Student: 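The structure follows.
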Amino acid sequence: MRASYLQFSPSYLEPDRNRARVAEMIQGVETDLLVLPELFTSGYFFQSQDDLAEVAEPVPEGPTTDALRHWADDLNATVVAGLPEQEADLVYNSAAVASPAGEVAVYRKVHLFYQENDLFATGDLGFPVLEVEADGTSYRLGVMVCFDWYFPEAARTLAVKGADVIAHPSNLVLPHCPDSMPVRARENHVFTITANRTGREQREDEILQFIGQSEICDPDGNILQRAGAEDKGVGTVEVDPAEARDRHINQYNDVLADRRPDMYTLA
Ligand code: ACM
């Protein structure tokens, strides 16, 4: 199957414009799984709760889920994308997953980064692993968002739940993630697709520079493709999710089966 990230620089508080730009960028793309950045509709560095409220929307009833369903149908691909999700009076930093069959799932970011803690509610749905069809075969897709990478438990939970591929919408600002995701991929023997953004946003006198470098890693921790820091576009790689199924690294060691949870107690 073909797996892709889309890297671009979303415009702050301009969801119509951002959806239109993605629609243009995916014209003619051939893929089975497309991952877009975190908060791709809205931008990231919110000036206020009011700004966030202006662009938050319900899932699956909102306009972005409509667009994702439409793109999934058009591309015949599963599409994973980050957006601010309104539910009752709470806003979550979420990722929605739309399948070509019209199904929609949602993940709410568990580990909030920096000032996200003042704006968003923490995720309350756990880490999802979805059964997905591609090329007539099925594979298991896990989802986490950006700063979740800093917590090995996130990718490990997805792998133990059976994920073959982890979709990772991101708005990375710290420099370490592109060199850490190959480790997350290797230690869990999964494929990872990190879709990051580029550009910069300012709040008062503080500037956040987003680092690009979206990347796709294989279960051995090889970087199959990495975008540049400023590139805009779609990167696609052929991957075989079945390679992630056998978690042996030699005839003795299986990286998940060899775990010793009985030894990981704090007592
Ligand atoms: C991040 O979690 N957006 C750094």
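In each ligand, atom 1 is the first atom listed, and ligand 1 is the first ligand listed. What's counted below: heavy atoms across the whole structure, side chains too, no hydrogens, waters or symmetry copies. Just so we're clear, the structure is a prediction, and the values are computed from it rather than from any experiment.
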Student: Below 3.5 Å, can you tabulate the donor-acceptor pairs from side chains in residues 52-63 to any protein atom, sequence neighbours excluded?
Tutor:
| residue | atom | partner | partner atom | Å |
| --- | --- | --- | --- | --- |
| Glu57 | OE1 | Thr64 | N | 2.8 |
| Glu57 | OE1 | Thr64 | OG1 | 3.3 |
| Glu57 | OE2 | Thr64 | OG1 | 2.6 |

Student: Apply ring-ring contact (aromatic ring centres under 6.0 Å, His included) to Phe191 and list each qualifying residue two or more places apart in sequence or on a separate chain.
Tutor: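 Not a single residue meets the ring-ring contact (aromatic ring centres under 6.0 Å, His included) criterion with Phe191.
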Student: Checking Phe151 now: which residues fulfil ring-ring contact (aromatic ring centres under 6.0 Å, His included) with it, not counting sequence neighbours?
Tutor: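 Phe151: ring-ring contact (aromatic ring centres under 6.0 Å, His included) contacts with His111, Phe147.
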Student: List by chain and number: which residues place a heavy atom under 4.0 Å from ligand 1?
Tutor: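 Contacts of ligand 1 under 4.0 Å: Glu38, Tyr44, Lys109, Phe113, Glu116, Cys146, Phe147, Asn171.
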Student: With a 4.0 Å cut-off, would you call Glu243 and Arg247 a salt bridge?
Tutor: no
Student: When you check the gap from the basic side-chain N to the acidic O, do Arg2 and Glu30 get nearer than 4.0 Å?
Tutor: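 Salt bridge flag = yes for Glu30 with Arg2.
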Student: Got a salt bridge between Arg186 and Asp220, using NZ or NE/NH1/NH2 to carboxylate O under 4.0 Å?
Tutor: no
